[in-house]
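Working notes for the structure below.
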Amino acid sequence: MGRKYFLETYGCQMNYHDSERLSGLLESDGYERTDTEAQADVIVINTCSVREKAEDKLYTRLGELRELAAETGADPVIAVTGCVAQQEGERLLKRDSSIDVIVGTHALKSLPALVRTARSRRGAAVDISPYEDVSFPLGVARHSDPVRAWVTIIEGCNEYCSFCVVPYTRGHERMRPVAQILDEVRAAVETGRREVQLLGQIVNHYQAPDDPSCDFAELLTRVSHVPGIERVRFASPHPRHVTERLIAAIRDLPAVCKHLHLPVQSGSNRVLKNMRRRYTRESYLELVARLRDAVPAIALSTDIIVGFPGESDADFDLTLDLVARARYHSMFSFKYSPRPNTLAIKRLADDVTEAGKTHRIVALQDLQKRIQMAHFADMVGQTVPVLVEAISRRSVEELSGRTSGNTVINFPGDAALIGRLVPVSITGFGPNSLKGQLDIRPDGGARAH
Ligand code: SAM
């Protein structure tokens, strides 16, 4: 019987894409994936440390795996990879002696060799070296989505926002050569992918190391011109690096989705300054106005942290006010969580109580819900292009896809449409998604987008 691996991922899209790479590396080394921990010869936990809760998940999970091993007598190799591995390194071994392998964010490619070392029981195998090389062999990553491919364009981050652990867990910013990125996009199309999502911590800071004329807007142009690409998305941009050229690219390139994730974090200039975000609420709102002026149909989404050190009721009211003005289509909101090594944990007291953070996040989410419902109601009656992604989670008779603005829409249809861009008229909505009907011409063809 072949050897099997079980892999679990916490965190952001970057981590999920790293897991696709780790899967590909293990499969190239002869392993087969299993969804049952008890059957696995190797268990990989790809971790996130952006908030304390995400980090705690690792320790809870290791406890569960220890219990499982005690019940079944199995003795799989346990590998911890990703941001917590990079941050904690060998300290993890002291905390939990069941760990055999530790692979940092720069060292993914070492996983198969380290697993081999651990299997031969020559002690724990650790690699958290800060490698500069950002290449990854073509065709190895196992794309988990049949329609969309994630493609990393930048590793690491140089922003050093005071709350954020990423520069410490993923290292300084390293750009991938545009030639490698385009090879990966072409390979994704050849294996049936229709959408590509470009990934980087500050994705719009891209500058090709192999071509001085290729900034992020130019990269979007080149990627969207790869034959067979229907849609291009990217995550996550930083508001201070949104250029006129990027706005024009979103406006002018048909394949580039009319959606921008624009993390604001707070609506108070005092808090933004302490967060080291390097924009003001005024400049941010002015950017929102310029984007809507250039691309009236653009859908904006954001990230907000509540309860950052020193955030007063008045500061929080400014966040609510900004959200009401920006009218986001969707939002991710988080309670501030002090993270190791960051400027905020060193210099600022975590002085908003847990109850205060809860009160604020509930108020923020209530406001956002109302704004989102108003957007959904406005969209009813429109016919929009939808990239069909899968059978809907709600019913096997329904398909699920996304609008250009990144809203999920469910509608009745045949699974043969998965991977196609089809026109769908919006007929209604639920709390988190739209409902629709395929808008097919009388001759049976779908209307063009
Ligand atoms: N660089 C990416 C970006 O700007 O979107 C990803 C950063 S992180 C994975 C995603 C979000 O987590 C951030 O935008 C921020 O809102 C939130 N976040 C980061 N550090 C945090 C912390 N210490 N406490 C609470 N939320 C945090």
Side-chain angles (χ1 to χ4, degrees), residues 9-18 46-57 82-84 86-87 105 150 152-173 197-206 216 233-242 259-267 271-272 274-279 284 300-311 316 319 322-323 328 330-352 354 356-358 360-361 364-365 368 406:
T9 312
Y10 309 138
C12 63
Q13 285 149 318
M14 202 73 137
N15 279 14
Y16 279 87
H17 181 47
D18 283 350
N46 192 16
T47 60
C48 166
S49 73
V50 82
R51 284 169 291 279
E52 197 177 354
K53 257 195 189 160
E55 188 175 336
D56 287 346
K57 249 178 154 173
C83 292
V84 181
Q86 188 71 43
Q87 176 186 296
T105 52
W150 286 311
T152 300
I153 68 165
I154 307 180
E155 304 269 8
C157 184
N158 289 348
E159 286 292 320
Y160 291 91
C161 298
S162 66
F163 52 80
C164 189
V165 79
V166 168
Y168 310 96
T169 57
R170 289 195 168 267
H172 69 91
E173 201 170 60
Q197 185 156 349
L198 305 175
L199 297 181
Q201 294 301 331
I202 307 292
V203 76
N204 54 332
H205 202 217
Y206 183 76
F216 184 60
R233 298 189 188 275
F234 51 90
S236 282
H238 191 296
R240 82 185 188 100
H241 298 297
V242 175
H259 169 228
L260 195 62
H261 186 63
L262 211 52
V264 67
Q265 313 298 0
S266 168
V271 174
L272 287 171
N274 287 337
M275 288 179 163
R276 284 176 47 93
R277 290 292 289 177
R278 290 175 275 189
Y279 51 80
Y284 181 95
L300 300 177
S301 55
T302 202
D303 292 343
I304 291 182
I305 297 176
V306 300
F308 185 77
E311 185 188 68
F316 178 65
T319 297
L322 183 139
V323 168
Y328 299 107
S330 67
M331 168 192 293
F332 298 95
S333 47
F334 310 98
K335 295 178 186 174
Y336 170 69
S337 164
R339 302 313 294 138
N341 302 314
T342 57
L343 278 175
I345 200 171
K346 287 182 190 154
R347 298 199 187 149
L348 304 166
D350 181 18
D351 56 359
V352 179
E354 185 57 26
K357 288 177 186 173
T358 302
R360 287 179 190 170
I361 206 163
L364 182 61
Q365 289 174 352
Q368 177 56 27
N406 209 30

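Quick caveat: nothing in here was measured; it's all calculated off a predicted structure. Note that ligands are numbered from 1 as they come in the structure, with each ligand's atoms numbered from 1 the same way.
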Going by heavy atoms in the side chains, are His261 and Pro237 under 4.5 Å from each other? yes
Non-hydrogen atoms of Lys335 versus ligand 1: any pair closer than 4.0 Å? yes
Tell me whether Val166 reaches ligand 1 (any heavy atom closer than 4.0 angstrom to a ligand atom). no
Counting heavy atoms under 4.0 Å, the part of Val50 that contacts ligand 1 is both
Determine whether the side chain, the backbone, both or neither of Phe163 has a heavy atom under 4.0 Å from any heavy atom of ligand 1. both
Phe308 ring center near Phe334 ring center (under 6.0 Å): no
Tell me, which protein residue and heavy-atom name are nearest [atom], and how many Å apart are they?
| atom | answer |
| --- | --- |
| atom 24 (N) of ligand 1 | Ser337 N, 3.0 Å |
| atom 11 (C) of ligand 1 | Asp303 OD2, 3.5 Å |
| atom 3 (C) of ligand 1 | Ser236 CB, 3.6 Å |
| atom 15 (C) of ligand 1 | Gln265 OE1, 3.5 Å |

If the test is side-chain contact (heavy atoms from CB on, under 4.5 Å), which one of Val264, Asp303, Leu364, Leu300 qualifies with Met331? Leu364
Does atom CZ of Phe332 have more than 12 heavy-atom neighbours from other groups under 6.0 Å away? no
Distance filter under 4.0 Å to Arg339 heavy atoms, resulting ligand 1 atoms: 23 (N)
Please identify which atoms of ligand 1 are closer than 4.0 Å to at least one heavy atom of Arg51. 12 (O), 17 (C), 18 (N), 24 (N), 25 (C), 26 (N), 27 (C)
Taking all atoms of both residues into account, what is the closest heavy-atom pair of Val84 and Glu55, and its distance? CG2-CG, 3.8 Å
Any ion pair linking Asp350 and Lys357 (charged N to carboxylate O, less than 4.0 Å)? yes
Among Arg276, Arg277, Gln201, Arg240, exactly one meets side-chain hydrogen bond (donor to acceptor under 3.5 Å, both in side chains) together with Glu159. Which residue is that? Arg240
To the nearest 0.5 Å, how far apart are CD1 in Ile305 and CD in Gln265? 4.5 Å
So for ligand 1, is Tyr336 a polar contact partner (N or O within less than 3.5 Å, distance only)? no
Gln201 N/O to ligand 1 N/O under 3.5 Å: yes
